[in-house]
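For reference, the structure discussed in these notes is given below.
Keep in mind that this is a model prediction, so the values were computed, not measured.
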Amino acid sequence: MTSIFRTAMGPDFDRLHPELRRRFSVGLAGGEACTGRGVMTRIWHGGALVKPFLALGTTRNILVPRAGRDVPFTIENVPYTDTFGRETVSFVRTFMLPGRPRRFDAQMVLSPKGDRVLDYLGTHQHLASELHLSAEPDGSLLVRSGEHRFREGPVDVRVPRLIGAAAEVRESFDETTGRFRIRVRVVNDRFGPLFGYEGSFTATYTDIRACGVRPGLRPVREESRA
């Protein structure tokens with residue numbers, strides 16, 4: 001059985017820790033969804049200039065507008081077929097911040113060439129990023145973002161590096177605790193670190209043929225351009 005992540009990584013996928021291989025085998029062929037539940041020990045932001053962008057992004061469930069420590073969270077990885085017939089895996093993160101929960105939504109599909117993953121961000125998929133995945137020597141997963149594009153109606157433009165950002169995600173499995181560990185860091189070339197979080201979680205798996213896709217998990221609008 002294959003998944004969009006195994007396809008994109010090729011033989012490198014087999015170098016991942018077995019628990020990571022299972023987690024990133026989530027897909028229609030395997031028939032499993034994965035839900036992670038844990039705690040973000042730290043959610044951080046950059047300087048004051050970053051806050052207006054974070055506030056704007058949160059209106060479409062992109063990034064998280066508040067910093068915090070020891071924040072409970074869930075991540076829902078559910079495979080489904082989107083409006084355009086593509087296998088899609090949700091990466092919907094919900095952070096239980098004081099006041100009300102905040103969501104950071106993404107939906108991932110395989111690129112047309114099959115050599116990378118496309119990450120559509122937010123409720124309306126206006127932003128899309130190329131993701132390059134690789135296995136580290138210790139069996140952890142390293143994800144680095146490539147080109148970012150903004151799409152709305154007829155507009156389809158590359159986001160300039162000056163106002164864009166590079167994301168780096170590291171995910172590993174700690175055998176001593178039986179937990180996944182994750183660290184995310186988003187950096188702009190000019191303004192420096194913008195946003196990030198780190199924490200740990202446990203994972204449970206469910207049969208998607210039995211549970212399906214819960215209401216509200218899919219985006220409001222789907223983007224066909226890859």
Heavy-atom check, side chain of R218 versus side chain of T88, under 4.5 Å
no

Test log, rule side-chain contact (heavy atoms from CB on, under 4.5 Å), inputs V117 and H132:
CA-CA 7 Å; V117 169; H132 304 272; over 6 Å; no

Any side-chain donor-acceptor pair under 3.5 Å between T7 and T2?
yes

Just so I know, are the side chains of I4 and V89 near enough to count as touching, which here means a heavy-atom distance under 4.5 Å?
yes

Between R22 and E32, does at least one N-O distance fall below 4.0 Å, as a salt bridge requires?
yes

Treating T94 as the side-chain partner and F73 as the backbone partner, does any N or O pair qualify as donor plus acceptor under 3.5 Å?
no

Write down the atom of R144, the atom of L142, and the distance for their closest heavy-atom approach.
NH1-CD2, 3.2 Å

Given the rule in the side-chain contact (heavy atoms from CB on, under 4.5 Å) test, do E130 and L118 qualify, once you have shown the distances and angles that lead to the verdict?
CA-CA 5 Å; E130 294 180 343; L118 301 179; 4.0 Å; yes

Would you give the length of the straight line joining atom OG of S200 to atom CZ of R37, rounded to the nearest 0.5 angstrom?
14.5 Å

So among V64, N188, V187, which one has a side-chain contact (heavy atoms from CB on, under 4.5 Å) with F195?
V64

Give the minimum heavy-atom separation between T202 and G178, together with the two atoms involved.
CG2-O, 4.1 Å

Taking the basic N atoms (NZ, or NE/NH1/NH2) and the acidic carboxylate oxygens, is any pair closer than 4.0 Å for E168 and R185?
no

Locate the shortest heavy-atom distance separating W44 from V186; write the atom from each residue and the value.
CH2-O, 4.4 Å

F95 ring center near Y197 ring center (under 6.0 Å)
yes

Taking atom types as modelled, find out whether E175 and H17 have a side-chain donor-acceptor pair closer than 3.5 angstrom.
yes

Can you check side-chain contact (heavy atoms from CB on, under 4.5 Å) on I43 and E198, steps first, answer last?
CA-CA 7 Å; I43 303 172; E198 55 190 85; over 6 Å; no

Should T35 and I75 count as side-chain neighbours, where that means a heavy-atom distance under 4.5 Å?
no

Looking only at atom types and distance, does a side-chain atom of Q125 sit under 3.5 Å from a main-chain N or O of E223, one as donor and one as acceptor?
yes

Which pair of non-hydrogen atoms, one from A128 and one from R151, has the smallest distance, and what is that distance?
CB-NH1, 3.7 Å

Can you tell me if S145 uses its side chain to pair, donor with acceptor, with the backbone of A167 under 3.5 Å?
yes

If I take atom CG from residue D138 and atom CZ from residue R15, how far apart are they, to the nearest 0.5 angstrom?
9.5 Å

Roughly how far, to the nearest 0.5 Å, is CG of L16 from OG of S134?
9.0 Å

Roughly how far, to the nearest 0.5 Å, is the CZ atom of R102 from the CZ atom of R66?
7.0 Å

Once ring-ring contact (aromatic ring centres under 6.0 Å, His included) is applied, do any residues pair with H124, and if so which ones, sequence neighbours excluded?
H126

Pairwise side-chain contact, L217 with V78, heavy-atom cut-off 4.5 Å (strictly under)
yes

Minimal heavy-atom distance between R93 and A106, with the atoms involved, is NH2-CB, 3.3 Å

State yes or no: do V143 and F173 share one hydrophobic cluster built from I, L, V, M, F, W and Y residues joined by side-chain heavy-atom distances below 4.5 Å, directly or via other members?
yes

Same apolar cluster: V169 and V39, side chain cutoff 4.5 Å:
no

Polar side chain donor-acceptor pair, E222 to T83, under 3.5 angstrom:
yes

Compare all side-chain heavy atoms of L141 with those of L133 and state whether any distance is below 4.5 angstrom.
yes

Pairwise distance CZ(R23) to SG(C34) - rounded to 0.5 angstrom:
5.0 Å

Quick check: do T81 and R86 have side-chain heavy atoms less than 4.5 Å from each other?
no

Can you say whether the rings of F180 and F201 are parallel (under 30°), tilted (30 to 60°) or perpendicular (over 60°)?
parallel

Whether the side chain of N61 engages the backbone of G122 through a donor-acceptor N/O pair (distance < 3.5 Å, no angle test) should be reported.
no

According to salt bridge (Lys or Arg N to Asp or Glu O under 4.0 Å), does anything in residues 104-113 pair up with another residue at least two apart or in another chain? List the pairs.
R103-D105

Can you see which heavy atom on V155 is nearest to which on R225, and at what distance?
O-NH1, 3.5 Å

Is there a continuous path of hydrophobic side-chain contacts, each under 4.5 Å between heavy atoms, that joins Y80 to L121?
no

Please test D174 against R179 for salt bridge (charged side-chain N to carboxylate O under 4.0 Å, His left out), starting from the C-alpha separation and ending with a verdict.
CA-CA 5 Å; D174 186 341; R179 299 175 70 85; over 6 Å; no

Check this for me: does any side-chain nitrogen of one of R149 and E147 sit under 4.0 Å from a carboxylate oxygen of the other?
yes

Following the transitive rule for hydrophobic clusters with a side-chain heavy-atom cut-off under 4.5 Å over Ile, Leu, Val, Met, Phe, Trp and Tyr, establish whether I182 and F104 coincide in one cluster.
yes

Can you find a pair of side-chain heavy atoms, one from F13 and one from S25, that are under 4.5 Å apart?
yes

Lys/Arg-Asp/Glu bridge criterion (N-O < 4.0 Å) met for E136, R170
yes

Distance from N77 atom CG to I208 atom CD1, nearest 0.5 Å?
12.0 Å

Closer than 4.0 angstrom, basic N to acidic O: yes or no for R181 and E171?
no

Under 4.5 Å between any side-chain heavy atoms of V26 and F5, yes or no?
no

Is M40 reachable from F91 through a run of I, L, V, M, F, W or Y residues, each pair having side-chain heavy atoms under 4.5 Å apart?
yes

